[in-house]
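My questions will all concern the structure given below.
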Amino acid sequence: MAISVPLHQPTYSFFSNPQEQWKWCAKPSYSFSNNSQNNIRPIKASVETPPFPLFQNPKLEETPADGLEPADPDFYKIGYVRSMRAYGVEFKEGPDGFGVFASKDIEPRRRARCGGSVLTVQLVMQIPLELMLTIRQKLPWMFFPDIVPLGHPIFDIINSTDPETDWDLRLACLLLYAFDQDDNFWQLYGDFLPNADECTSLLLATEEDLMELQDPNLASTMREQQKRAREFWEKNWHSGVPLKIKRLAHDPERFIWAVSIAQSRCINMQVRIGALVQDANMLIPYADMLNHSFQPNCFFHWRFKDRMLEVMVNAGQHVRRGEEMTVNYMHGQMNDMLMQRYGFSSPVFSGDARIHLDSFLSVFNISGLPEEYYHNSKISSDEESFIDGAVIAAARTLPTWSDGDVPLVPSIERKAVKELQEECRQMLAEFPTTSKQDQKMLGIDCTGNYSSIRLPRHWTFIKIGYCFNHDDLEFAGSETVLLHS
Ligand SMILES: C[S@@+](CC[C@H](N)C(=O)[O-])C[C@H]1O[C@@H](n2cnc3c(N)ncnc32)[C@H](O)[C@@H]1O
């Protein structure tokens with residue numbers, strides 16, 4: 001049987017791996033109200049308030065000019081009192097849930113070096129190891145902080161997990177355990193995590209939600225993941241377990257929620273223990289509030305001497321006051337992975353791309369186009385699965401651009417659709433046929449009607465973002481075009 005070794009401070013250090021992919025998740029919006037759904041206790045207002053010279057939380061405005069809701073002062077307080085530091089950033093609730101925003105302009109800085117000067121990165125946050133929940137990815141399990149007493153039955157549950165695949169189940173167990181510990185930081189921080197209704201993770205999706213995705217593969221992957229988490233709970237939270245286990249997750253929903261938090265907020269880093277380098281899964285408060293961008297302005301750095309995670313602004317980067325600070329969750333990965341893991345996809349689409357036929361049709365909601373229009377070799381010599389002139393002609397000639405087809409709310413969907421339309425419009429404009437040629441090619445009658453083309457009434461952001469970037473709907477061409485924003 002696997003042994004559990006609590007991790008002791010003096011032997012433990014990390015360093016960050018620049019190649020590492022950051023993995024986590026967020027919700028579209030949520031408030032800072034008590035999280036009764038998840039039984040997370042309300043924040044205690046009794047935390048002492050020392051002076052905070054480094055991290056002054058911004059004054060709450062009655063009506064914020066940017067329309068974003070500032071974080072509750074307690075959110076800052078619980079971190080300050082335990083040495084979390086932040087400089088020139090504030091936390092606000094925006095369209096992608098909680099996010100981190102610049103509270104002042106950040107200008108690139110230079111440092112003199114060898115007769116010249118170099119651009120330096122700038123520090124915006126420091127989160128000490130003591131605030132994080134970490135567990136090693138491989139046996140023997142090591143935790144930090146060392147909150148689980150040896151012999152506690154949660155060890156047996158963690159030991160029953162598969163070292164190769166179950167990192168999220170282990171982290172979920174640790175998180176639930178931390179929530180149960182009086183005066184544990186996570187008990188307080190948990191109040192600011194998205195509850196089951198707010199979290200965008202598809203692990204929490206209903207069957208109806210999964211059908212809405214219109215992606216049978218993704219839906220079936222998520223069903224399997226839901227089943228896996230549920231079966232784990234059933235196996236380990238059966239009626240005979242001691243109360244100290246039972247109370248961590250009274251129902252499977254609570255456990256699945258914890259797994260979704262682990263999946264969508266975990267950061268993987270390499271851990272150095274003496275001469276040994278191991279991977280660890282970490283929940284890092286405050287840093288986990290950074291949203292994703294494929295053109296991020298920040299990155300993570302492990303300062304192993306002081307055992308803290310630092311959030312740095314990219315060298316040479318200007319960040320204007322009010323601008324969002326972001327990191328890249330998944331280097332080189334695609335929208336389908338973002339959807340699977342974090343429950344969102346990037347709305348951004350690169351206009352240089354040639355698009356797979358199915359993606360194209362689905363974005364334009366064109367269906368029923370006669371087969372012969374798809375592959376018109378007179379216009380395009382590309383492989384048959386990619387759009388050719390006839391399809392482009394159809395899209396260009398069809399009235400799919402009207403505002404009536406664009407969802408009004410939420411505004412992010414509308415913005416995404418507009419951006420996508422604009423990109424497509426530019427691409428279509430470059431196609432070398434005239435409108436007349438298009439019409440001829442499509443055999444349009446004198447009234448301009450297409451008998452065989454049907455236009456559904458509306459699209460959704462998920463369909464668009466997702467269709468464009470799904471694994472099996474690759475873009476043609478050599479560029480990595482899928483998700484560059
Ligand atoms: C690590 S959390 C980031 C903090 C999160 N916004 C929150 O409210 O707690 C990751 C989650 O944030 C949201 N998110 C992050 N980046 C996003 C983006 N670029 N677009 C949409 N949602 C995003 C998704 O819901 C994702 O699951």
Side-chain angles (χ1 to χ4, degrees), residues 21-33 35 38 40 68-72 75 79 89-101 125 127 132-133 168 171 175 186 189-205 209 222 257 259-268 281-300 309 311 323-331 333-349 410-413 415-416 419 460-462 464-466 469 482-485:
Q21 294 162 4
W22 311 104
K23 297 171 179 175
W24 21 356
C25 170
K27 63 209 174 283
S29 72
Y30 62 85
S31 67
F32 294 101
S33 58
N35 197 339
N38 295 312
I40 294 170
L68 304 175
E69 193 68 31
D72 187 306
F75 178 72
V89 296
E90 54 192 326
F91 297 84
K92 293 182 178 186
E93 190 189 347
D96 301 327
F98 225 159
V100 183
F101 296 82
M125 272 197 242
I127 301 109
M132 307 170 191
L133 282 181
D168 51 347
L171 206 53
L175 181 65
W186 283 87
Y189 191 75
D191 210 34
F192 298 98
L193 296 174
N195 67 28
D197 290 336
E198 297 157 342
C199 184
T200 57
S201 167
L202 292 178
L203 262 187
L204 300 165
D209 294 335
M222 295 320 301
W257 170 80
V259 177
S260 76
I261 290 293
Q263 284 195 358
S264 62
R265 309 181 86 86
C266 170
I267 297 175
N268 296 337
N281 301 119
M282 316 171 81
L283 287 174
I284 306 185
Y286 300 99
D288 71 350
M289 292 298 175
L290 283 151
N291 284 324
H292 158 88
S293 167
F294 282 106
Q295 287 178 336
N297 45 26
C298 294
F299 67 95
F300 295 134
L309 180 97
V311 180
E323 216 174 287
E324 180 156 17
M325 325 286 281
T326 52
V327 288
N328 188 344
Y329 291 1
M330 287 194 152
H331 293 275
Q333 304 254 356
M334 297 180 188
N335 251 352
D336 61 333
M337 286 311 294
L338 276 180
M339 279 297 282
Q340 195 173 310
R341 184 74 176 266
Y342 306 102
F344 74 94
S345 58
S346 168
V348 183
F349 163 66
S411 57
I412 188 161
E413 281 186 18
K415 189 164 166 262
E419 275 172 17
T460 69
F461 161 64
I462 285 199
I464 290 168
Y466 194 69
N469 300 291
L482 300 194
L483 279 177
H484 291 280
S485 51

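Counting starts at 1 for both ligands and their atoms, following the listed order.
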Original post:
Could an N or O of ligand 1 be found under 3.5 Å from any N or O of Asp288, whether backbone or side chain?
Top reply: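 Between Asp288 and ligand 1, no N or O pair is found under 3.5 Å apart.
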
**OP:** Quick one: do Arg265 and Met289 satisfy side chain to side chain contact (heavy atoms under 4.5 Å, CB included)? Show the steps, please.
**Re:** CA-CA 8 Å; Arg265 309 181 86 86; Met289 292 298 175; 3.2 Å; yes

Subject >> Exam field: side chain Tyr189 to backbone Tyr286, donor-acceptor pair closer than 3.5 Å >> reply: yes

Original post:
Are the side chain of Asn297 and the backbone N or O of Glu324 linked by a donor-acceptor pair below 3.5 Å?
Top reply: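 Pair found, side chain donor or acceptor close to backbone of Glu324.
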
Subject >> Ligand-side contact atoms (ligand 1) for residue partner Leu290, heavy atom cut-off under 4.0 Å >> reply: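 Selected atoms, number and element: 3 (C).
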
Subject >> Centroid-centroid distance, Phe75 to Phe98, less than 6.0 Å >> reply: yes

Subject >> Interfacing atoms of ligand 1 (cut-off 4.0 Å, heavy-atom, Arg265) >> reply: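 Numbered from 1, ligand 1 contributes 2 (S), 4 (C), 7 (C), 9 (O).
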
Subject >> ligand 1-proximal atoms of Thr200, by part, heavy-atom distance under 4.0 Å >> reply: side chain

Original post:
Do Phe98 and ligand 1 have an N or O pair less than 3.5 Å apart?
Top reply: yes

**OP:** With heavy atoms of Asn291 as the reference, note each atom of ligand 1 found under 4.0 Å away.
**Re:** 3 (C), 4 (C), 5 (C), 6 (N), 12 (O), 13 (C), 14 (N), 15 (C), 16 (N)

Original post:
Could you give the distance from CD (Glu198) to CG (Leu204), rounded to the nearest 0.5 Å?
Top reply: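 These two atoms lie 11.0 Å from each other.
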
Original post:
How long is the gap from CH2 on Trp186 to CG on Leu133, to the nearest 0.5 Å?
Top reply: 5.0 Å

Original post:
Counting heavy atoms only, which of Met339, Glu324, His292 is nearest atom 19 (N) of ligand 1?
Top reply: His292

